[in-house]
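One structure below.
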Number of protein chains: 2
Amino acid sequence: MALLDEQPGGNLEMERTAGVALWRQIAERLRTDIRNGTWKEGGKLPTEQVLSARFGVNRHTIRRAISELSAQGLLSSRQGRGTFVENAPSPLTYPIGPRTRFSEIISRQSREPGGRLIGSGREAAQPWLVEKLRLSLGQEAVHRLEVLHVADGIAVSLSTNWFPAHRFPDLVSRYAETGSITKALAAHGVADYIRKKTEISARLAEPEESRWLQLAEGAPVLVTDLVNVDEAGTPVQVSRTRFAADRIQLTVEN
Amino acid sequence: MALLDEQPGGNLEMERTAGVALWRQIAERLRTDIRNGTWKEGGKLPTEQVLSARFGVNRHTIRRAISELSAQGLLSSRQGRGTFVENAPSPLTYPIGPRTRFSEIISRQSREPGGRLIGSGREAAQPWLVEKLRLSLGQEAVHRLEVLHVADGIAVSLSTNWFPAHRFPDLVSRYAETGSITKALAAHGVADYIRKKTEISARLAEPEESRWLQLAEGAPVLVTDLVNVDEAGTPVQVSRTRFAADRIQLTVEN
DNA sequence: TCTAGTTGTCTAGATTAGTAGATAAATTAG
DNA sequence: CTAATTTATCTACTAATCTAGACAACTAGA
């Protein structure tokens, strides 16, 4: 058996009774094929009959997968002609480096960046947060800031940010005024900060994340956990960001 | 509405008719909770009744999710007592840097690394590969090497590697002899190489990937695309690696 | 214009997923 | 020992998913 057969004539077996509907498995597969440029923009997909034979499923199942991607604007079908790749928007690339700033990155790719404060609060830090922010005893209060990032009006990521409350007492209102974490930190005397460490993982989107990011349930998200430190090396911010995996790609330059 | 409510008493809404079965959504949710240490190792999960109320589903649906995780050894239930977190193996961390070498990374974490050649071939490079490997006209042939990486006997990643065939004519046999890409390249005169750029994305595992990595269908994979270059800066290898997202975490140090 | 090929729509039935409720079996606390 | 709690099984039913087949509507090319 050929491994990972990508030939047009290859037969693909689907997993059944695995808790993921066949039409969704096929939709996700077609989505990555489109992103990888298997069919060029404006190009024609194989016919429903051919696809159903290739995936070993009924034609209706293929149609449901196609309808899912059509609803998302990636495909469009026309009776008698075929199904075509609509406008595959080039995926955003998000470089991970010491000076990663969302708005700069998006602007550099000729997109219009935006951030929306969707939640905030003051809370007691969980043990893992105490450790990461190096909070001392009696100063375990943190501000939490939930921000939705958009590029050209499309949601790309949802981030939860924590800051030591004793050092940044007015952080939430400063962010609300300026719309920028960098500026909110500057207002508290942090002239500059750098990203120290980033942990990257992936999992399925939770329902609330799906809602904000306008993802299909069961779609994967890329999760980054990072710590920002000031010039003295003291942690000023811990951030957990969930990216819509089908709309963004992280890059690391060495 | 509270965003991303993580309180034990919080009500969680599940998405229905989204192509992902409720029991799988719940299983994935519990899996990440376990990994995040929501219940400590050996600790007791809430009862099935409580969980079914919290997720808003029938108790049988919860049982199916638990049975899935039990089958994977993460949970174990005992009649009359409850359901307990079994042995949550600490996720491997995989640092991404200029000198990333699989076996070194695994060894440093006190695990036994291994690689298995599961497929190879000589083929014509796709356009994107021609560009990445900077192949010149008439030299578009590449060797493809499929390797399964394991740590302590557990599959962690599946990588597809491409090499310019004209420069590394015996690469496949050299790899088969030595079991090391580094050594196979050295045999062709490449004393050292560094990782130039890494692209990171995530998607659902395809059936064949699920088989090799022993993942549940619909489980997410982390995908890294990288280019290795020799000391002169010439690309010597392009590699696409799929990591089991529930077993590994990538890290970037700045 | 005619025909082959393609997508759109409909009906019917089989399989899987989820709900609802009852009862058994094991464990723990008192 | 007894009662309350918790997981294990079972039956019955509803909803979602997948299959099978037929035919209509539209397109492109001979």
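Nothing here was measured: the structure is a model prediction, and the numbers come from that model. Chain letters run A, B, ... following the sequence lines, proteins first, then strands; residues in each count from 1.
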Review point. Can you pull the ring pair (Phe, Tyr, Trp, His ring centres under 6.0 Å) pairs that have at least one residue in residues 137-160 of chain B, sequence neighbours excluded?
Key: B:Phe102-B:His149
Check your understanding: On a plain distance test, is the side chain of A:Arg64 in donor-acceptor contact with the base of D:dA16 below 3.5 Å?
Key -> no
Study note, to complete from the structure: Given protein heavy atoms under 4.0 Å, the one-letter contact record of nucleotides 24-30 of chain D, with B base, S sugar-phosphate only and - none, is simply -BBSS--
Exercise for review: Just jot down the side-chain hydrogen bond (donor to acceptor under 3.5 Å, both in side chains) partners of B:Arg59, sequence neighbours excluded, or say none.
Suggested key: B:Glu48
Practice item. Sequence neighbours left out, what passes side-chain contact (heavy atoms from CB on, under 4.5 Å) with A:Ser67? Give chain and number order. Key: none
Practice item. Compare all side-chain heavy atoms of A:Pro220 with those of B:Leu204 and state whether any distance is below 4.5 angstrom. Key: yes
Check your understanding: Sequence neighbours excluded, which residues qualify as ring pair (Phe, Tyr, Trp, His ring centres under 6.0 Å) partners of B:Trp162?
Key -> B:Trp128
Check your understanding: Is there a donor and acceptor pair closer than 3.5 Å between the side chain of B:His60 and the base of C:dA20?
Key -> yes
Check your understanding: Which pairs pass salt bridge (Lys or Arg N to Asp or Glu O under 4.0 Å) with one or both residues in residues 117-133 of chain A, sequence neighbours excluded?
Key -> A:Glu123-A:Arg144, A:Lys132-A:Glu199
Study note, to complete from the structure: Residues at least two apart in sequence or cross-chain that pass side-chain hydrogen bond (donor to acceptor under 3.5 Å, both in side chains) with B:Asp225, listed by chain then number, are B:Arg240
Study note, to complete from the structure: Taking five pairs at each terminus, the helix from C:dT1-D:dA30 to C:dG30-D:dC1 shows an axis bend, to 10°, of 30°
Exercise for review: Go through the structure and list residues passing side-chain contact (heavy atoms from CB on, under 4.5 Å) with A:Arg31, not counting sequence neighbours.
Suggested key: A:Glu28, A:Leu69, A:Gln72, A:Leu74, A:Asp246
